[in-house]
Every structure is written in structure tokens, then in C-alpha cells.
Number of protein chains: 2
Amino acid sequence: MTTAEETAGEAQPWGEVTPDAARRLLVAAVEAFAERGYHATTTRDIAGRAGMSPAALYIHYKTKEELLHRISRIGHEKALEILRVAARREGSATERLADAVSSFVRWHAGGRTTARVVQYELDSLGPDARAEILALRRRVDAEVRGIVEDGVASGEFDVADVQGTTLAVLSLCIDVARWFNVDGPRTPEEVGELYAGLVLRMVGAGR
Amino acid sequence: MTTAEETAGEAQPWGEVTPDAARRLLVAAVEAFAERGYHATTTRDIAGRAGMSPAALYIHYKTKEELLHRISRIGHEKALEILRVAARREGSATERLADAVSSFVRWHAGGRTTARVVQYELDSLGPDARAEILALRRRVDAEVRGIVEDGVASGEFDVADVQGTTLAVLSLCIDVARWFNVDGPRTPEEVGELYAGLVLRMVGAGR
DNA sequence: GCCGAAGGTGAGCGCTCGCTTAGCGCGGAC
DNA sequence: GTCCGCGCTAAGCGAGCGCTCACCTTCGGC
């Protein structure tokens with residue numbers, strides 16, 4: 001039901017997917033997977049949302065799972081890039097962590113449709129695709145852990161369990177995709193600001 | 001594959017479900033839903049895990065969805081009870097919040113099988129069942145918010161956005177069910193302790 | 001003007017799904 | 001001993017699934 005407006009919240013989404021018909025199918029799949037879940041979505045539903053016949057899907061994708069795989073990889077790459085930009089900018093560890101959390105949360109809230117699929121449908125992938133995505137997740141974890149370690153080294157942060165705290169920070173951000181409601185009282189920007197402040201407290205910044 | 005050991009981590013699970021055959025089916029459904037998700041689980045799989053024929057399921061439950069509904073209600077009631085006990089014990093808001101978080105997290109980590117179904121398969125319920133469960137969730141939220149409000153009133157906590165912070169605390173705890181791994185490096189007790197400390201920092205306790 | 005490739009459709013295959021139905025075995029009442 | 005009723009099974013129904021196949025259109029190159 002929401003085709004243009006909701007996905008427009010994401011910055012130029014899926015621009016790298018060509019040709020046009022393949023992108024329309026992929027966008028339709030993202031919406032359907034986010035609404036109903038991978039297993040509850042039919043190939044007929046995806047094709048119908050894209051305005052095509054059921055058979056058209058198989059011209060551009062070998063299986064329904066390949067669609068999920070493509071969505072998941074592109075989404076994880078986008079998430080990783082967001083964190084890489086925040087981690088590599090100039091500034092203190094405090095500033096970089098706040099930036100990382102607020103932009104990561106904005107992505108999960110604003111692009112909730114995509115983020116839901118990316119974060120919660122991993123188990124529906126086969127072993128090989130799943131392993132590839134898990135490797136991307138470890139790089140996501142490493143980016144955040146790097147900032148936390150920098151802050152501990154510089155004395156800005158006070159963290160006893162770096163790995164556990166990093167896990168908690170990422171977990172907090174990712175779960176936004178589960179509960180965030182576009183019609184709710186908060187904008188993605190507001191949640192990003194709130195969460196950045198909470199995370200700085202979690203790492204003991206500014207004590 | 002894991003029948004006795006994993007569910008044994010939960011305290012006397014599903015003791016209220018009778019008769020015995022109905023309980024065995026329900027436990028089998030919890031395991032299957034947690035492993036594969038509701039839509040990817042077949043009624044034949046559930047019956048098979050319980051050592052019965054596919055038709056046996058329909059003697060005790062009207063539909064597959066009724067199984068999920070029962071699991072979800074019992075699970076939410078258990079979660080709510082855990083928080084009620086922590087919220088109503090004697091002690092400062094700081095002590096009660098730490099208790100609530102650590103016991104809530106222990107439940108999500110130790111009973112990850114159940115918690116996964118309870119927290120992540122809500123969308124697979126029909127509108128009526130879903131509305132009933134959402135009412136239980138609001139009560140869960142109210143319990144935690146009550147503790148946070150008490151802490152703010154007594155001056156123990158420093159929280160600008162009580163509702164938003166409560167949401168974040170619950171979100172952090174719930175997401176444990178997604179990432180916790182029984183074979184991982186941490187016990188449920190360790191995660192509970194770690195998270196209680198992080199949450200106290202989030203609410204600005206002991207500054 | 002003709003041709004081949006690319007991109008699409010309508011029909012439908014084989015299969016498995018949730019669920020139903022007819023009937024079997026067996027323990028307790030009398 | 002007989003019979004009832006409960007708990008269960010074997011078999012299978014109609015429907016909808018992922019996916020395929022034979023065929024049709026459109027269009028750039030020559």
C-alpha cells in the first residue's frame with residue numbers, strides 16, 4: 001500500500017540495482033518481506049506489487065531466496081558504510097560514537113522497511129548466503145568496537161567489558177527496527193539524538 | 001534436536017498446560033517456532049517432534065495459530081510476573097531497576113527458545129489475539145516505567161525523557177533473545193549483571 | 001524488411017500445506 | 001462379557017505454493 005512515500009524516506013534506495021524491472025521487483029520484495037516476513041510472502045505477491053506476472057520474477061532472479069540474499073547484502077553494506085563514515089571522521093571518540101549511534105539509529109528508524117528485512121530475516125537464508133552476511137556483521141561489530149576502544153584508550157570512556165558493551169550498543173540500535181512506528185510520536189532524528197545520549201552514558205563518557 | 005536440556009534451563013516450563021499430550025505438543029511448537037519461525041513450521045513437524053501423528057494436533061488445538069496464541073500469552077504473562085516481582089520488592093529504585101533488568105535479561109537469555117517466539121512472532125497472530133498480547137505488553141512497559149518514575153521522583157535517577165528511556169531499556173533486554181547464544185562465552189547470569197550496570201548508567205543512577 | 005536477443009505473459013506442473021474424516025484400540029462402568 | 005467414549009491414527013481433501021515452459025512482443029543492427 002505504501003510504495004513511494006515510505007521508501008522515499010531512505011536516501012536514493014536501491015539505485016545500484018539494474019535494470020529497472022529488477023529494481024522494481026526488489027523494492028516490492030522489501031516491502032512484502034517487511035510486512036509479512038519472508039516465509040509468509042509469496043512470489044505472486046511480490047510480482048503483483050511490481051505490476052508484473054508471477055513468471056517475470058524468474059527472469060531477473062533464480063529463486064525467491066536470491067531476492068532476500070541481494071536485499072540483505074546491499075542493506076548490510078549500507079549499514080556498514082554508515083558506521084565506517086562515523087568511525088573515520090575527525091573528532092573525539094565521544095563525538096564519533098554519538099555520530100555513529102545517531103546515524104545508525106536514523107537509518108533503522110527511517111528505513112524501517114528495509115532494516116526489518118535486513119536484521120530479522122537472516123535465518124531464512126541458506127548456509128552459504130548466511131555465512132556471507134555474518135561476515136559483514138562482524139565488520140559492523142568491529143567498527144563500533146574500534147570507537148569504544150579508542151575512547152577507553154584516550155580516557156574518555158570508562159568501560160569494563162568492551163566486547164559486551166559494544167554488543168549492547170549495537171543491539172539497542174538494531175532493535176529500533178522492531179519497535180519504531182512511522183506514525184508514532186518520535187521522528188527518526190529524535191530517536192537518534194535520544195539514543196546517542198543514552199549510549200554515551202553507557203560507556204561512561206563525560207563523568 | 002534439543003528437547004530436554006535446553007528447555008530445562010527454564011524454571012518448570014509450561015506446567016500449567018494440561019493434559020500431558022497438549023503440553024508435549026505446545027513444547028514441540030515452541031522449539032519449532034523458535035528454530036524456523038511460525039510460517040516456516042509445519043503442523044507435521046510439530047506433531048512429529050511430539051511423537052504423534054499430524055491429526056493429533058487438532059484434538060487439542062483448533063488451529064496452528066491457536067498454538068502460537070497460547071504460547072505468546074503464557075510467555076507474556078511470565079515476563080510480566082518477573083517484572084512485577086522486581087517492581088514491588090522493597091528497596092530503592094536503583095535496586096529494583098537493577099533487579100528487574102537482570103532477571104528480565106536472564107529470562108530472555110536462559111529461555112531464549114521461548115522468548116524468541118514470544119517477542120518475534122507477534123505479527124503472525126490474527127488481529128484479536130494480537131490486540132490481547134499488545135495489552136499485556138503495555139502492562140510490561142508500565143511496570144518498568146513505574147520504577148524509572150520512582151527513581152526520578154526520589155532524585156536517584158536523572159532522566160530527561162522517561163517514556164523514551166523506558167522504551168530503550170525494554171528494547172535492550174528484549175533484543176537479548178535475538179542474539180544470545182547458548183554456546184557463546186557468556187552465561188545468562190553474566191549478561192544480566194552486565195545489562196543491569198549499563199541500564200543504571202542510562203538512567204543516570206549514582207552520579 | 002528481416003532476424004535474433006531480451007524481456008515479458010498465461011497456463012499449469014508437481015508438491016506440500018493446514019486441516020478433516022472415518023474408523024481403530026483400549027480402559028472403565030455395569 | 002459388553003459396550004461406550006476418549007484419544008489417537010491413516011488416509012486424503014482442496015488450496016496455494018515455488019517454479020517452469022511454450023510462446024509472444026518489442027526493438028536495435030544491418
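In what follows, chains carry the letters A, B, and so on, assigned in the order in which the sequence lines appear, proteins first and then strands, with residues in each chain numbered from 1. No hydrogens, no waters, no symmetry mates; every other heavy atom, side chains included, goes into these values. No experiment lies behind these values; they were computed from the predicted model shown.
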| said: Output the rounded distance in Å from NE2 (B:H39) to C1' (D:dG16). | reply: 14 Å
| So do the side chains of B:Y38 and B:L125 get within less than 4.5 Å of each other, counting heavy atoms only? | no
| message | Please give me every residue in residues 51-65 of chain A whose heavy atoms get under 4.0 Å of an atom in DNA chain D, ordered by residue number. | response | A:A55, A:Y58, A:T63, A:K64
| Salt bridge present between B:D123 and A:R116 (N-O < 4.0 angstrom) | yes
| task | Scan for side chain to side chain donor-acceptor pair (under 3.5 Å) pairs involving residues 186-195 of chain A, sequence neighbours excluded, and state none if there are none. | result | A:R186-B:D161
| note | Between B:E66 and the options B:R70, B:H69, B:K64, B:K62, the side-chain hydrogen bond (donor to acceptor under 3.5 Å, both in side chains) test singles out B:R70
| message | Starting the side chain at C-beta, find the nucleotide from D:dG18, C:dG7, D:dC8 nearest to A:R44. | response | D:dG18
| task | Using the test ring pair (Phe, Tyr, Trp, His ring centres under 6.0 Å), find all partners of B:F104 that sit at least two apart in sequence or belong to another chain. | result | B:H108
| field | Sequence neighbours excluded - side chain to side chain donor-acceptor pair (under 3.5 Å) pairs with any residue from residues 140-150 of chain A | value | A:R88-A:E143, A:R96-A:D150, A:D141-A:R145, A:R145-A:Q163
| query | How would you list, by chain and number, every residue that makes a side-chain hydrogen bond (donor to acceptor under 3.5 Å, both in side chains) with A:R73, sequence neighbours excluded? | reply | A:E132
| task | Provide, to the nearest angstrom, the distance between the CG atom belonging to A:L67 and the C1' atom belonging to D:dC17. | result | 16 Å
| said: Could you report the tightest heavy-atom contact between B:Y61 and B:A22, atom names first, then the distance? | reply: OH-O, 2.8 Å
| task | In whole angstrom, give the distance that lies between atom CZ of B:R36 and atom C1' of C:dC17. | result | 14 Å
| said: When you measure from the side-chain N and O atoms of B:T43 to the phosphate of C:dG18, is any distance below 4.0 Å, counting only OP1 and OP2? | reply: yes
| task | Using Watson-Crick or G-U wobble pairs with both distances under 3.5 Å, give me DNA chain D in dot-bracket, 5' to 3', with [ ] for crossers and | for pairs to another strand. | result | ||||||||||||||||||||||||||||||
